[in-house]
Amino acid sequence: MKELSHITETFTESVIREMTRISDSLGGYNLSQGFPDFDAPDEIKNEAIKAIKDNLNQYSVTFGEPELRNAISKKALEYNNIKCNPASDITVTCGATEAMLTALMAIINPGDEIIIFEPFYENYGPDGILSGATPRYVTMHPPDWHFDYKELEKAFNNKTKAIIINTPNNPTGKVFTKEEMQFIAGLCQKWDVYAITDEIYEHILYDNCRHISMASLDGMADRTITINSVSKTYSVTGWRVGWAIASKTITSRIRKIHDFMTVGAPTPLQHASAKALLFPQNYYDDLHGKYDNARNFLFNVLKDNGFKPYLPKGSYYITTDVSPLWDKLKASDDFDFSRKLLEKTKVATVPGFSFYSKQGIVTKQVRFAFCKKQETLSKVKELFSEKL
Ligand code: GLN
């Protein structure tokens with residue numbers, strides 16, 4: 001048989017999704033993959049059912065139902081301070097995952113470099129490879145996950161085409177400050193570089209942190225592709241409804257790729273998503289309260305059981321140093337640690353190496369997702385105190 005594609009040989013399957021499969025096969029408490037184990041809001045579930053019953057079951061406009069694009073545009077102006085025309089500047093995609101890949105494919109040519117902050121959400125590695133970009137990594141350092149301005153400055157050069165910014169950040173929980181964002185914006189303008197921002201955790205913030213959208217900064221609207229989705233804010237990660245906001249010129253390229261790759265996101269779920277985006281403020285206040293409690297609860301559970309967690313400022317993840325427990329679990333690498341922790345306690349996590357570029361790296365870090373019911377988190381507390 002002839003050889004299969006070389007490009008797919010260069011990356012592995014997602015470790016995050018693999019951990020969910022392993023956890024399910026062992027009946028574990030899944031704090032690995034970032035999806036809620038509680039119910040999505042009834043209002044939008046009912047809207048989805050209604051849309052199906054109203055026969056909205058055929059293809060939608062390929063780049064998104066007008067109702068949803070209008071709702072995105074209104075929300076972008078009110079929450080993100082981004083002005084965008086729903087007719088020409090928005091593409092609705094199958095989740096933020098598709099939006100990120102199409103964004104890269106829309107702008108990358110062979111030889112182009114992209115800058116990625118490390119640790120990073122594992123999809124960005126394969127996204128870079130599939131789009132043909134050469135990645136350059138800039139390190140974020142615990143406990144606050146700051147980056148060195150000089151190191152970032154050095155990563156920019158004439159080949160740099162784009163920088164990916166994920167704020168609030170997965171897996172670290174870092175929320176990029178206004179000063180950091182302005183510094184990055186300055187470099188993007190100096191080197192004529194696009195910013196691609198993954199803002200999917202924009203409503204999950206702690207300690208009075210504020211979300212800042214790159215496209216709202218001076219001089220950045222035309223060179224930024226802003227990516228988001230309904231997955232995390234409305235607890236519907238399986239709906240696969242996301243979007244990219246960009247200038248008309250960039251959007252016309254994104255739309256072409258999206259059209260031929262997926263045709264469109266699910267029509268009834270687009271209608272329900274449009275309703276979700278119009279939720280009143282108290283929905284977001286409740287979401288914040290719930291995640292604030294979950295963050296503090298899990299952080300204390302981890303501290304009390306020998307982990308050295310880094311307190312997140314946003315998102316629903318806690319990355320923790322596990323070196324104090326390394327010998328106790330007789331771990332040989334990050335994956336081995338997560339596997340043994342799962343076997344011993346039934347709690348699934350994501351091993352740290354999957355957020356780093358270097359092959360074979362041992363970070364002695366793991367990531368916990370706390371978008372889980374209080375009942376689940378209480379069970380984790382019980383299991384850790386019994387088994388660790
Ligand atoms: N963003 C989530 C995580 O990091 C899930 C991503 C996914 O599996 N599509 O766990």
Side-chain angles (χ1 to χ4, degrees), residues 11-24 28-38 40 93-104 116-128 130 140 145 164-175 196-205 227-244 261-262 265-266 269 287 291 294-295 298 310 312 314-320 334-335 338 342 347-357 363 365-372 376-377 380:
F11 57 90
T12 52
E13 279 184 58
S14 156
V15 179
I16 298 176
R17 268 89 73 191
E18 184 184 359
M19 287 312 296
T20 284
R21 291 193 293 273
I22 300 176
S23 174
D24 288 350
Y29 291 86
N30 188 0
L31 270 57
S32 60
Q33 194 175 8
F35 63 87
D37 71 348
F38 45 82
T93 55
C94 294
T97 300
E98 188 208 334
M100 180 57 76
L101 185 55
T102 48
L104 285 164
I116 300 174
F117 290 98
E118 184 172 53
F120 55 89
Y121 172 48
E122 63 171 4
N123 278 35
Y124 304 155
D127 287 344
L130 290 170
M140 298 189 290
W145 303 102
I164 297 179
I165 302 140
N166 171 213
T167 182
N169 186 259
N170 175 7
T172 64
K174 174 186 173 67
V175 176
I196 308 178
T197 67
D198 176 349
E199 305 186 18
I200 196 165
Y201 303 99
E202 67 179 3
H203 282 289
I204 307 176
L205 299 160
I227 292 173
N228 219 316
S229 103
V230 290
S231 288
K232 314 293 183 181
T233 307
Y234 307 101
S235 305
V236 285
T237 60
W239 280 18
R240 314 313 299 136
V241 177
W243 58 87
M261 192 146 65
T262 63
L269 303 182
L287 184 81
Y291 279 134
R295 173 190 77 147
L298 184 65
Y310 306 114
S315 84
Y316 50 46
Y317 305 107
I318 296 181
T319 289
T320 174
D334 293 353
F335 191 83
S338 281
L342 176 59
V347 179
T349 54
V350 180
F353 80 92
S354 64
F355 304 105
Y356 289 81
S357 55
T363 66
Q365 290 171 357
V366 303
R367 189 197 76 175
F368 286 84
F370 56 82
C371 42
K372 309 291 166 181
T376 311
L377 299 175
V380 169

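Both counts, for ligands and for their atoms, begin at 1 and track the order of listing. Source: prediction; values computed, not measured.
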Among all protein non-hydrogen atoms, which one is nearest to [atom], and what is the separation to 0.1 Å?
atom                   : result
atom 6 (C) of ligand 1 : Tyr121 OH, 2.9 Å
atom 3 (C) of ligand 1 : Tyr317 OH, 3.1 Å
atom 8 (O) of ligand 1 : Gln33 NE2, 2.6 Å

Is it the side chain (CB and beyond), the backbone, both or neither of [X] that lies under 4.0 Å from ligand 1, heavy atoms counted?
X      : result
Asn170 : side chain
Phe35  : neither
Arg17  : side chain

Worksheet item: Within the side chain of Ser354, is there an N or O that forms a donor-acceptor pair under 3.5 Å with the backbone of Pro351?
Response: yes
Discussion item. Evaluate Tyr124 against Tyr121 for ring pair (Phe, Tyr, Trp, His ring centres under 6.0 Å), listing each step before the verdict.
Written reply: CA-CA 6 Å; Tyr124 304 155; Tyr121 172 48; 5.7 Å; yes
Worksheet item: Can you list the atoms of ligand 1 that are under 4.0 Å from a heavy atom of Tyr201?
Response: 1 (N)
Worksheet item: Is NZ or CZ of Lys372 both nearer than 6.0 Å to the six-membered ring centre of Phe35 and within 45° of the ring axis?
Response: yes
Worksheet entry | SB check Lys232 Glu199 (cutoff 4.0 Å) | no
Worksheet item: Can you tell me how far the OG atom of Ser338 sits from the CZ atom of Phe368, to the nearest 0.5 Å?
Response: 8.0 Å
Item to complete: Return yes when Lys232 approaches ligand 1 closer than 4.0 angstrom through a heavy atom, no otherwise.
Response: yes
Practice prompt. Check if Phe355 has a non-hydrogen atom at a distance under 4.0 Å from any atom of ligand 1.
Written response: no
Taking distance alone, with no angle check, do [X] and ligand 1 share an N/O pair under 3.5 Å?
X      : result
Arg240 : no
Thr97  : no
Ile16  : no
Ser32  : no

Practice prompt. For side chain to side chain contact (heavy atoms under 4.5 Å, CB included), just list the numbers for Arg17 and Glu122, CA-CA rounded to whole Å, side-chain angles, deciding distance to a tenth of an Å, and then say yes or no.
Written response: CA-CA 11 Å; Arg17 268 89 73 191; Glu122 63 171 4; 4.2 Å; yes
Discussion item. Tell me if the centroids of the rings in Tyr316 and Tyr291 come within less than 6.0 Å of each other.
Written reply: yes
